[in-house]
Amino acid sequence: MTNAIWFRSDLRIYDNPALIAASESNDPVIAFYFFTPDQHRKHHTGSVKLRFMLENLVELKHDLAKLNIPLVALLASDYGSSVALLKKLCQQHNVRQVFANSEIELNEQIRDHQATRELDKIGSTICFSQDQTILSPQDILTGASKPYRVFTPFKRAWIKTIQKTGLQSLPLPTARPKTNAVSTSAEEILSWEAPVDANQYWKPGSQEAFRRLEEFTATAIERYRDERDHPSLTATSQLSPYLAVGAISVRSCMLQALLANNFEWDSGSQGILTWINELIWREFYKHLSCHYPELSKGAAFNQKTALIPWSRDMEHFTRWKEGLTGFPLVDAGMRQLNTIGWMHNRLRMVTAMFLTKQLFIDWHLGEAYFMQKLIDGDYAANNGGWQWSASTGADSAPYFRVFNPTRQAERFDAKGDFIRHWVPELSQLGPKQIFDPNPFERQTTGYPATMVDHRESVEHVKQAFKMAQAMEAI
DNA sequence: AGCGGGTTACA
DNA sequence: GTAACCCGC
């Protein structure tokens, strides 16, 4: 008898619940993977992340080989055909039990139900483990057994629960008995998606992820609270791409941070506690997408905001995408995203709020564009972040809280270093001019005029939200 | 994880 | 003048 592990967004052998479950008996194990680019593109995932997934898959293949687990990877179009291929492979390799880590998103859940039904027809079973979050969405509910909709009480409950259950990572499985199955070649895997320029900035693999985690928790994490909002510093972990493809587990990250803080949840290093807080935000958003599947279909979390008449000005949208808004920090952030497939979190908030509150463009457009460009594109975190900025979300920014991009630059890029790097046409401007060049400086550097007036935009957005609230009351 | 306008309390 | 605080949006 042979067991199979079906890899999806958990491309690692370390701390992998499904892999451990598949390795409990002494049976050999085969790994399956189905690359479904058409499906991912429907979810707006772009080339940078798709290529990164494949590069990580190749790393995984090498790691699996050390455990005598061959990786059979196939190209499929969508989830439906991946289920058909799974069934076929199970018959071909005489697999009775498939193990996989469950995923929270709606189409992924539907796929997994289909897989369960289809495998049942051939007498095979599929067994799911919990992996995407440290605690299951069912474990963190209010006294009335409802999901938390506000972060702070969620966090309180989350920490109380983890203190009860404890936190452990899983061991590596021992090497499996050998099988005859043949691994798919790295060349074939990499032929499914060509690299784009942004991929050169991100080395794939679990080893690289752990290296980054160890380096971060040994040094920068102590300064994380004070420096994380300054995009010119390397003050964040930059682990999100690895979490998004599952090259590292969030459990490993949390454990490493806790270890550095002597297993304290509420005292010790402020830097570490702030980073842990961000990991719990990640749990919060993933739990919400699980509890509210309509979010996956584009619903606003706050129903009242569904009536807001967002702008569809495509010319404005294009200027935002290309980093030509005339607001230096906004443009710097967008150009960073377009170039390296990643944007500093402070700038994700600044650029998202600029699109939604100053250009008044539908947050769904920004959400899709981020997914298209981000190497760390994660549905729950991205949707949560966009709805936070647009003030349509759970525990989001109040609608009247609108970042002033010029002030944000003065506060978080005080020397203008980040702007100078990403908006090189402004690099020669002085320390004051860099934040808001005058018309002459804009003309001579070829930098565009500001496309909107901050104060007017803020007035407009406030009126629109008030109107939507009034409509709701009727 | 706001902004901007106002008031107060000082130099 | 201006820093510190307060408040409504």
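A note on names: the letters A, B, ... follow the listed sequences, proteins ahead of strands, and every chain is numbered from 1.
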### Query
Do A:Tyr33 and A:Phe7 have their ring centres less than 6.0 Å from each other?
no

### Query
To the nearest Å, how far apart are A:Phe354 CZ and B:dG2 C1'?
17 Å

### Query
So, the side chain of A:Asp436 versus the backbone of A:Thr406: is there a donor-acceptor pair under 3.5 Å, distance only?
no

### Query
Within the structure, does a side-chain N or O atom of A:Arg407 lie under 4.0 Å from either OP1 or OP2 of B:dC3?
yes

### Message
Output the rounded distance in Å from CD (A:Glu410) to P (B:dC3).
### Response
10 Å

### Task
Give the intermediate values and the outcome of side chain to side chain contact (heavy atoms under 4.5 Å, CB included) for residues A:Leu359 and A:Arg319.
CA-CA 10 Å; A:Leu359 301 184; A:Arg319 284 183 65 176; over 6 Å; no

### Message
Counting only side-chain nitrogens and oxygens, does A:Arg411 get under 4.0 Å of the OP1 or OP2 atom of B:dC3?
### Response
yes

### Message
What is the separation between atom CZ on A:Arg455 and atom P on B:dC3, rounded to the nearest whole Å?
### Response
13 Å

### Query
Quick one: is A:His454 getting a side-chain N or O under 4.0 Å of the B:dG4 phosphate, OP1 or OP2?
yes

### Task
Could you state the atom-to-atom distance from CG of A:Asn404 to C1' of B:dG4 in whole Å?
10 Å

### Query
Does A:Asp10 reach the main-chain N or O of A:Gly246 with its side chain, forming a donor-acceptor pair under 3.5 Å?
no

### Query
Roughly how many Å is it from CD in A:Gln408 to C1' in B:dC3, rounded to a whole number?
11 Å

### Query
With no hydrogens and no angle check, is any side-chain donor or acceptor of A:Trp265 less than 3.5 Å from a backbone partner on A:Leu258?
no

### Message
If we ignore hydrogens and angles and just use 3.5 Å, is the side chain of A:Ser457 paired with the main-chain N or O of A:Gln358 as donor and acceptor?
### Response
yes

### Task
Quickly work out the A:Glu456 CD to B:dC3 P distance and round it to whole Å.
18 Å

Output a table of nitrogen or oxygen pairs between the protein and nucleotides 7-9 of chain C separated by less than 3.5 Å.
unit_1	atom_1	unit_2	atom_2	d
C:dC9	O3'	A:Lys466	NZ	3.3

### Message
Once you apply a heavy-atom cut-off of 4.0 Å, does A:Arg348 come out as touching a base, just sugar-phosphate, or nothing?
### Response
nothing

